[in-house]
Novice: 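Can you keep this structure in mind? I'll have questions shortly.
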There are 2 protein chains.
Amino acid sequence: MATTIRQIASAAGVSVATASRALNGAPSVVDRTRERVLAAAALLDYTPSRLGRSLATGSTGNVGVILPDVTNPFYTSFLAELESVLGAHDRGILVGDSHESSEQERALIRRMSGQVDALVLASSRLPDADIVAAAARLPVVLANRLLDGDAGDRLELPERLAQITLDIEPAFAEAVRHLHALGHRSVAYLDGPPQSWSGRQKMRSLERACRELRMPLAVAATATPDFVGGRRALASIDLTHTTAIIAFNDEIALGLLSALRDAGVEVPARMSVIGCDDSLPEGLAWPSLTTVDSSARTLGALTAAAIVEPKPHHTATVPTRLVVRDSTAEASVLS
Amino acid sequence: MATTIRQIASAAGVSVATASRALNGAPSVVDRTRERVLAAAALLDYTPSRLGRSLATGSTGNVGVILPDVTNPFYTSFLAELESVLGAHDRGILVGDSHESSEQERALIRRMSGQVDALVLASSRLPDADIVAAAARLPVVLANRLLDGDAGDRLELPERLAQITLDIEPAFAEAVRHLHALGHRSVAYLDGPPQSWSGRQKMRSLERACRELRMPLAVAATATPDFVGGRRALASIDLTHTTAIIAFNDEIALGLLSALRDAGVEVPARMSVIGCDDSLPEGLAWPSLTTVDSSARTLGALTAAAIVEPKPHHTATVPTRLVVRDSTAEASVLS
DNA sequence: TTGAAAGCGCTAACAT
DNA sequence: ATGTTAGCGCTTTCAA
């Protein structure tokens with residue numbers, strides 16, 4: 001067994017109450033006493049039990065983070081930033097991977113609640129009602145998702161539910177205008193997971209922008225929102241009529257680039273490609289990818305802030321912008 | 001406040017002890033009583049407090065996992081597998097990112113110990129002594145690292161220290177022989193982090209294999225063991241005398257490939273490249289990468305097994321093998 | 001300024 | 001088969 005506060009107390013010749021106060025820097029402890037306690041603690045290599053403290057104070061110092069896929073670079077960047085900030089505040093992280101499944105997500109929430117002070121749900125695939133229910137039990141920060149507050153105000157949003165999102169609408173509209181200006185007259189969109197809120201946002205933004213410019217929008221699905229999914233998705237695209245493709249994320253765009261190269265379709269001469277996230281290191285994509293910069297790290301930082309300094313009904317949004325590189329060019333003339 | 005076992009007990013008209021037994025499926029509870037308790041629990045939406053249970057039983061059901069970099073695909077694959085297996089056993093994961101720093105690693109261990117049942121240290125950058133000290137406090141599984149047990153047996157290895165490693169020696173030797181057979185007469189090695197145990201293993205394997213074949217080995221460092229590090233490292237390679245490069249991992253190799261393409265050096269015609277891990281999805285590298293297959297997922301699975309079914313002085317090793325693809329070919333004749 | 005004692009939610013002897 | 005009781009390690013009233 002590890003050293004307990006009782007041993008410290010008796011070693012220092014004080015009561016446990018005093019030992020506790022000294023250890024926690026209570027002002028009411030006289031210097032000489034504090035020194036004795038601290039010395040005893042150092043001597044016995046004392047580490048306070050988080051469990052005991054948590055039970056007594058009702059706060060654990062940990063936050064639960066649930067991601068759809070720990071393997072996805074977008075979420076690992078997010079997690080890295082979150083971990084970094086929370087770690088600096090001496091708070092631990094319990095992670096869970098929902099594998100894009102709402103069932104698993106529910107199970108994780110159940111397992112975590114009770115041993116965390118707050119929950120971060122990244123791109124939650126849960127129905128609104130479940131999220132509201134979770135937020136009733138403990139503070140929840142929703143990252144990359146918004147609840148349908150406008151839907152007739154049917155469900156009251158809990159105070160302790162924060163929502164941090166990416167403002168992708170303007171950048172996606174700009175992407176479409178960018179393509180239009182290059183002479184493209186139709187756009188194909190490679191979608192992400194069907195339950196993804198951000199995916200729906202992207203779809204909506206594209207639909208709207210395309211409508212305004214009178215450009216048809218073709219939508220194709222990907223089995224998985226990653227490199228492999230992007231590679232496979234090329235098969236579902238009508239190459240004879242498509243000159244420009246926008247992807248749900250950079251991973252998909254990268255897979256697409258790879259498949260296009262294999263198929264002998266030149267980028268950008270014959271096909272323009274646009275990604276989303278700007279998550280790839282320079283030089284990984286060839287040609288370098290035109291993309292919508294939406295920083296997962298910033299999302300992580302704002303999420304961490306929402307945990308560290310909670311505000312009722314807190315919302316924040318990460319701005320995004322189109323970054324034009326070498327994967328988009330003037331539309332080729334189709335034969 | 002959430003529902004407590006006391007409320008369940010009084011609602012069901014039994015003592016807390018009986019309630020506890022019923023909830024935990026003790027055989028000594030008669031069916032009718034159990035039903036009443038379970039019904040009360042369901043009615044009141046009861047979730048047992050992990051904290052209370054942990055304090056009483058001395059086991060938390062959580063394991064701590066410390067990685068050098070949550071953003072690195074090798075570690076995320078490892079983590080994904082670990083999470084998957086442990087999650088199936090209803091055990092939670094506390095993650096920490098040490099950012100390749102032993103200082104941070106120490107701090108994380110301190111924060112975690114006391115609230116986890118076991119610790120997983122992936123590619124720990126800590127001195128042997130610290131690891132032994134940690135293992136004295138709680139079970140530790142060392143992944144991708146071995147302690148110097150042979151160094152005069154100076155430090156007794158704790159029983160509860162498991163060590164899971166990759167057996168890279170044979171595959172690295174084979175990589176060198178593969179290059180030699182293709183006519184290469186010298187090898188360059190792009191190393192990983194200096195504190196990395198596996199990096200030293202790789203170096204040693206290469207040195208030995210090269211010595212046997214009388215091939216000179218040139219070693220260059222990378223600032224970071226990732227794509228960007230690989231790209232930058234090309235500058236430190238003598239292109240006029242090098243025909244083959246082996247990299248610490250696939251990320252570095254990928255960066256190298258990208259830099260070589262920018263520099264107009266053809267792969268494999270002019271330069272052969274070999275990676276390590278086989279962590280890239282098919283099609284990501286161009287040309288496809290000859291690499292040493294050493295599965296991070298398998299490492300994760302074996303590590304999870306060491307947690308779930310602990311054995312004293314447990315060790316296990318993941319076999320590796322050379323996978324020949326398109327990035328290696330006959331040595332070019334240098335002018 | 002310090003100590004005694006209660007209690008956080010739960011489990012596990014020990015009794016009955 | 002069930003109840004009583006004593007903690008697990010800590011914080012925090014309340015008294016002194």
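Sequence lines set the chain letters: A, B, ... in the order given, protein chains first and strands last, and positions in each chain run from 1. What you see is a predicted model; the values in this text were computed from it and never measured.
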Novice: Got a donor-acceptor contact below 3.5 angstrom from the A:Glu105 side chain to the A:Arg125 backbone?
Specialist: yes

Novice: Walk along nucleotides 11-16 of chain D from 5' to 3' and tag each nucleotide B, S or - by protein heavy-atom contact under 4.0 Å, base first, then sugar-phosphate.
Specialist: BBB---

Novice: Rounded to the nearest angstrom, tell me the gap between atom CZ in A:Arg50 and atom P in D:dC10.
Specialist: 12 Å

Novice: Please output the side-chain donor-acceptor pairs of residues 298-317 of chain B that fall under 3.5 Å, not counting sequence neighbours, one pair per line with the distance.
Specialist:
from, atom 1, to, atom 2, distance (Å)
B:Thr298, OG1, B:Ser295, OG, 2.8
B:Thr303, OG1, B:Leu299, O, 2.7

Novice: Send over the distance from A:Leu44 CG to D:dG9 P, rounded to a whole Å.
Specialist: 15 Å

Novice: To the nearest Å, how far apart are A:Leu51 CG and D:dG9 C1'?
Specialist: 9 Å

Novice: Side-chain N or O of B:Thr4 less than 4.0 angstrom from OP1 or OP2 on C:dC8?
Specialist: no

Novice: Is B:Arg106 salt-bridged to B:Glu103, cutoff N-O under 4.0 Å?
Specialist: yes

Novice: Determine whether the side chains of A:Thr76 and B:Tyr75 contain a donor N or O and an acceptor N or O closer than 3.5 Å.
Specialist: no

Novice: Ignoring hydrogens and angles, write down the donor-acceptor pairs under 3.5 Å from the side chains of residues 37-57 of chain B, residues two or more places apart or on other chains.
Specialist:
from, atom 1, to, atom 2, distance (Å)
B:Thr47, OG1, A:Arg137, NH2, 3.3
B:Ser49, OG, B:Leu51, N, 3.3
B:Ser49, OG, B:Gly52, N, 3.0
B:Arg50, NH1, B:Thr60, O, 3.4
B:Arg50, NH2, B:Asp90, OD2, 3.1
B:Arg53, NH2, B:Asn24, OD1, 3.4
B:Ser54, OG, B:Arg50, O, 2.6
B:Thr57, OG1, B:Arg53, O, 2.9
B:Thr57, OG1, B:Ser59, N, 3.2
B:Thr57, OG1, B:Ser59, O, 3.3

Novice: Would you please confirm or rule out a distance under 4.0 Å between OP1 or OP2 of C:dC8 and any side-chain N or O of B:Arg6?
Specialist: yes

Novice: In whole angstrom, what separates A:Gln115's CD from C:dG9's C1'?
Specialist: 14 Å

Novice: Please list, one pair per line, the donor and acceptor atoms closer than 3.5 Å that link side chains of residues 80-89 of chain A to other protein atoms, with sequence neighbours excluded.
Specialist:
from, atom 1, to, atom 2, distance (Å)
A:Glu81, OE1, A:Arg297, NE, 3.0
A:Glu81, OE1, A:Arg297, NH2, 3.4
A:Glu83, OE2, B:Asp97, N, 2.9

Novice: Using a 4.0 Å heavy-atom cut-off across all strands, classify B:Ser54 as base, sugar-phosphate, or nothing.
Specialist: nothing

Novice: Please give the angle, rounded to 10 degrees, between the axes at the start and the end of the helix from C:dT1-D:dA16 to C:dT16-D:dA1, where five pairs define each axis.
Specialist: 40°

Novice: What pairs with A:Arg145 under salt bridge (charged side-chain N to carboxylate O under 4.0 Å, His left out), at least two apart in sequence or on another chain?
Specialist: A:Asp128

Novice: In whole angstrom, give the distance that lies between atom CG of B:Leu55 and atom P of D:dC10.
Specialist: 9 Å

Novice: Quick one: B:Gln7 CD to C:dC8 C1', roughly how many Å, whole number?
Specialist: 13 Å

Novice: Look at B:Ser49 and C:dG9 and indicate whether a side-chain polar atom (N or O) is within less than 4.0 Å of OP1 or OP2.
Specialist: no

Novice: Measure the distance from CD1 on B:Ile8 to P on C:dC10 and round it to the nearest whole Å.
Specialist: 9 Å

Novice: How far apart are the closest heavy atoms of A:Arg200 and A:Gln195, and which atoms are they?
Specialist: NH1-O, 3.7 Å

Novice: Please confirm whether the backbone N or O of A:Gly61 pairs with a side-chain atom of A:Asp117, one donor and one acceptor, at under 3.5 Å?
Specialist: yes

